[in-house]
Amino acid sequence: MSSTRAYDIIVVGAGHAGCEAALAAARMGLSTCIFTMNLDTIGQMSCNPAIGGLAKGHLVREIDALGGEMAKVTDRAGIQFRMLNKSKGPAVWSLRAQADRVLYRLRMRQVLEETKDLDIKQATVEGLVVEDGKVRGIRTSLGIFYPARSVVITTGTFLKGLMHIGHDSFDAGRAGEFPSVGLSDSLAKAGLRLGRLKTGTPPRLDARTIDFSKTEPQYGDEPPIPFSHTTERIENPQLPCYITYTNSETHGIIRENLGRSAMYSGKITGIGPRYCPSIEDKVVRFAEKERHQVFLEPEGLQTAEYYANGVSTSLPFDVQVQFIRTIPGLEQVEIMRPAYAIEYDFVFPTQLRHSLETKAIDGLFLAGQINGTSGYEEAAGQGLIAGINAGLKLRGRQPLVLARHEAYIGVLIDDLVTKGTKEPYRMFTSRAEYRLLLRHDNADLRLMDKGHAIGLLPDDVYQRFLRKREKIGKELERIKATRIKPARINEELKRLGTTSVAEDISLEQLLKRPEVSYALIRSFGPPDAVLDADVEDQVEIQVKYEGYIARQLLIAEKLSRMEDRKIPVDMDYRGLPGISKEILLKLEEVRPESLGQASRIQGMTPAALSLIMVAVEKMRRGNTAGHD
């Protein structure tokens with residue numbers, strides 16, 4: 001086996017996880033090489049042409065605040081931006097953007113190619129090289145050995161990928177691309193436990209054959225709101241999406257052909273995403289529903305291709321044509337690319353530490369769909385953390401572990417390594433206990449200090465952030481100190497339908513009222529200098545939700561004390577009396593690093609947690625006594 005130059009970090013796979021991992025490592029000054037089976041698919045949006053959405057938009061903002069790239073590239077490639085849930089509270093506001101698939105891919109590749117200390121190579125990685133429990137590098141299909149001090153695996157759906165269209169199956173990592181077979185076997189040989197998952201994609205349609213007059217157009221926000229904290233404005237033309245619906249005729253055709261679906265005929269063994277089911281699954285599981293939404297998304301500015309979100313399927317091509325043409329607006333539609341389902345191997349994520357390093361192999365990190373997740377944003381968040389922690393490990397520094405009250409990325413990783421997953425994991429706001437702390441609008445306030453400390457956030461961006469934070473603080477102090485007389489405000493309060501005041505009141509107290517906006521208090525008591533809109537928004541949110549935020553912070557503080565109580569790695573759980581077999585097996589599988597993590601293991605009881613706490617305290621006292 002021939003050898004070539006050595007790297008500090010090698011990243012396998014150049015999807016959303018791989019790109020973020022490689023950029024993070026290289027930007028930290030470590031020699032990095034990213035391997036892809038095809039240079040032309042770097043940053044490929046292999047499913048829908050959109051970034052963000054409910055909870056996923058939070059992840060993108062967090063990636064940006066830490067110094068990642070997804071938000072910036074989305075802003076460069078975005079062709080529609082919409083803030084979702086704007087009629088609800090700020091905890092669930094979430095940005096979603098349609099992206100030009102080609103522009104996104106080309107921009108991401110350009111960023112990689114312009115990054116210092118980052119090499120890009122096209123090769124099929126066949127296996128890991130592991131010696132004495134430590135990763136030493138990778139081996140390609142040509143027998144070339146690339147040494148590395150750390151390796152990050154981000155293979156997406158390529159590990160033993162098997163594509164299904166009806167009863168036809170093809171070895172593929174994605175439509176038209178070869179799977180990775182040897183690497184999957186190499187991971188298993190190294191001692192990792194693998195499972196099988198399934199995902200799918202809908203047909204792509206020719207816009208020239210769609211009758212858009214029979215659909216409902218959905219336009220983006222004007223002006224469009226960018227994802228990145230550093231983007232000043234969106235330059236691309238903005239396009240609408242379109243909504244239509246299935247009907248009883250559609251459902252009848254699908255029911256008649258269930259036996260020809262790869263999923264319902266038993267050909268697929270992998271577990272699919274519960275929250276993004278195929279159209280045949282929807283028709284069977286929700287038989288009472290008369291229709292299901294179909295969201296037609298443009299694939300880009302220079303193409304007629306549309307993504308038919310909502311009708312993912314593994315039915316044969318002739319059935320796809322038949323049922324799709326029963327949908328209003330699609331009666332004469334031509335399918336440019338057929339829908340398909342794909343099965344692939346993944347690694348059970350309880351075998352990882354919170355740093356995303358594997359417990360079994362020193363220096364090996366995993367990120368993205370290989371850890372059982374679904375979605376570009378979940379993959380990119382993991383890739384960023386894996387790249388950062390691979391770099392920090394080589395620098396001899398402590399890993400970056402985001403707590404559940406600090407970031408949705410923290411919730412995502414903690415869920416994976418503590419609870420595991422048996423189906424593709426998707427992020428939802430409901431998964432976070434501290435939703436009011438983890439808002440879309442405050443990702444920079446939560447995470448930019450960390451991004452700068454690691455070295456990923458440029459000084460100019462960080463200084464601008466510090467100025468913003470200072471302005472917010474000063475304005476909060478000003479409105480607390482500025483009081484206004486009843487005669488000046490009562491008429492306006494009456495107009496708004498809220499209670500008048502009998503004595504002087506501070507601008508802060510006024511702003512706490514649901515009916516009163518920051519714009520109103522600004523008109524009665526303006527600041528010395530005009531404030532940016534994001535500063536005003538932050539002041540209003542912090543004042544209106546102050547009580548709720550304080551309560552969540554108090555709970556988070558109490559729970560964080562449990563996170564600080566570490567459990568020794570060599571803890572003998574079998575020696576604890578009264579622990580059930582089920583909990584024992586979970587404890588030995590997860591090997592929790594703290595009492596906080598132990599408390600979140602599925603099936604954990606207060607009694608079992610108390611036993612662990614007592615044992616940890618005894619071990620601590622024993623160690624302390626040994627040092628006296």
Side-chain angles (χ1 to χ4, degrees), residues 57-58 61 65 82-95 221-226 229 232 405 429 432-446 448-449 464-558:
H58 292 70
R61 291 279 283 181
R82 288 184 70 231
M83 184 67 78
L84 308 179
N85 280 342
K86 194 66 180 175
S87 62
K88 300 180 181 177
V92 291
W93 295 350
S94 209
L95 189 60
D221 295 334
E222 191 55 50
I225 301 166
H229 298 86
E232 293 185 6
H405 70 277
T429 53
E433 307 92 319
Y434 308 106
R435 289 188 289 282
L436 206 48
L437 303 181
L438 308 182
R439 303 185 311 276
H440 168 277
D441 62 89
N442 71 349
D444 54 347
L445 296 171
R446 292 185 275 120
M448 276 195 174
D449 283 331
R464 187 165 63 184
F465 158 70
L466 291 179
R467 288 193 294 272
K468 172 186 171 179
R469 186 163 65 185
E470 184 182 11
K471 287 176 184 177
I472 293 167
K474 283 184 175 178
E475 182 62 1
L476 287 169
E477 289 174 9
R478 185 190 75 83
I479 64 171
K480 188 178 289 188
T482 305
R483 303 185 71 80
I484 190 167
K485 294 188 177 298
R488 286 192 63 205
I489 195 71
N490 275 341
E491 188 176 335
E492 186 63 29
L493 295 179
K494 183 180 178 181
R495 188 186 69 78
L496 291 171
T498 184
T499 316
S500 59
V501 295
E503 53 189 36
D504 292 2
I505 187 171
S506 73
L507 295 179
E508 181 198 43
Q509 288 172 302
L510 276 176
L511 189 54
K512 285 181 183 291
R513 298 187 177 199
E515 303 86 356
V516 176
S517 67
Y518 178 85
L520 178 65
I521 70 159
R522 190 210 309 121
S523 68
F524 281 96
D528 295 334
V530 176
L531 297 175
D532 293 334
D534 58 343
V535 173
E536 292 188 352
D537 290 345
Q538 196 57 229
V539 168
E540 181 164 354
I541 290 169
Q542 288 193 27
V543 169
K544 285 193 184 301
Y545 295 91
E546 183 184 24
Y548 300 103
I549 291 170
R551 279 198 288 276
Q552 287 204 352
L553 282 170
L554 189 62
I555 296 168
E557 189 182 334
K558 287 179 180 176

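Owing to the predicted nature of the structure, the values given are computational and were not obtained by experimental measurement.
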Worksheet item: Hey, does Y434 have a side-chain heavy atom less than 4.5 Å from the side chain of L553?
Response: no

Worksheet item: salt bridge (Lys or Arg N to Asp or Glu O under 4.0 Å) with E475: which residues, sequence neighbours excluded?
Response: R478

Worksheet entry | Partners passing side chain to side chain contact (heavy atoms under 4.5 Å, CB included) against T498 (at least two apart in sequence or in another chain) | L493, L496, R513, E515

Discussion item. Would K88 pass as a cation-pi partner of W93, given that its NZ or CZ must be under 6.0 Å from the six-membered ring centre and within 45 degrees of the axis?
Written reply: no

Discussion item. List the residues meeting salt bridge (Lys or Arg N to Asp or Glu O under 4.0 Å) with D449, not counting sequence neighbours, and say none if there are none.
Written reply: R469

Practice prompt. Salt-bridge test for R495 and E492: reply yes if a basic N is under 4.0 Å from a carboxylate O, no otherwise.
Written response: yes

Practice prompt. Find the distance between CG (D441) and CG (L95) and round it off to the nearest 0.5 Å.
Written response: 12.0 Å

Worksheet item: Residues two or more places apart in sequence or in another chain: which of them pass salt bridge (Lys or Arg N to Asp or Glu O under 4.0 Å) with K485?
Response: D504

Worksheet entry | Contacts of type salt bridge (Lys or Arg N to Asp or Glu O under 4.0 Å), residue K512, not counting sequence neighbours | E546

Discussion item. Quick check: do E540 and S517 have side-chain heavy atoms less than 4.5 Å from each other?
Written reply: yes

Fill in: V530, L531, I541, I472 screened by side-chain contact (heavy atoms from CB on, under 4.5 Å) with E536, the one that passes
L531

Worksheet item: Is there a side-chain contact between E557 and H405, using heavy atoms and a 4.5 Å cut-off?
Response: no

Fill in: Any side-chain heavy-atom pair of V543 and Y518 under 4.5 Å
no

Discussion item. If you define the side chain from C-beta out and look only at heavy atoms, does anything of P224 sit under 4.5 Å from E222?
Written reply: yes

Worksheet item: Rounded to the nearest 0.5 Å, how far does CG of L437 lie from CD of Q552?
Response: 4.5 Å

Item to complete: Using side-chain hydrogen bond (donor to acceptor under 3.5 Å, both in side chains) as the criterion, list what pairs up with T499, not counting sequence neighbours.
Response: none

Discussion item. I'd like to check R439 versus Q538 (side-chain heavy atoms, cut-off strictly below 4.5 Å). Are they in contact?
Written reply: yes

Practice prompt. Mind running side chain to side chain contact (heavy atoms under 4.5 Å, CB included) on K494 and S500 for me, showing each step along the way?
Written response: CA-CA 6 Å; K494 183 180 178 181; S500 59; over 6 Å; no

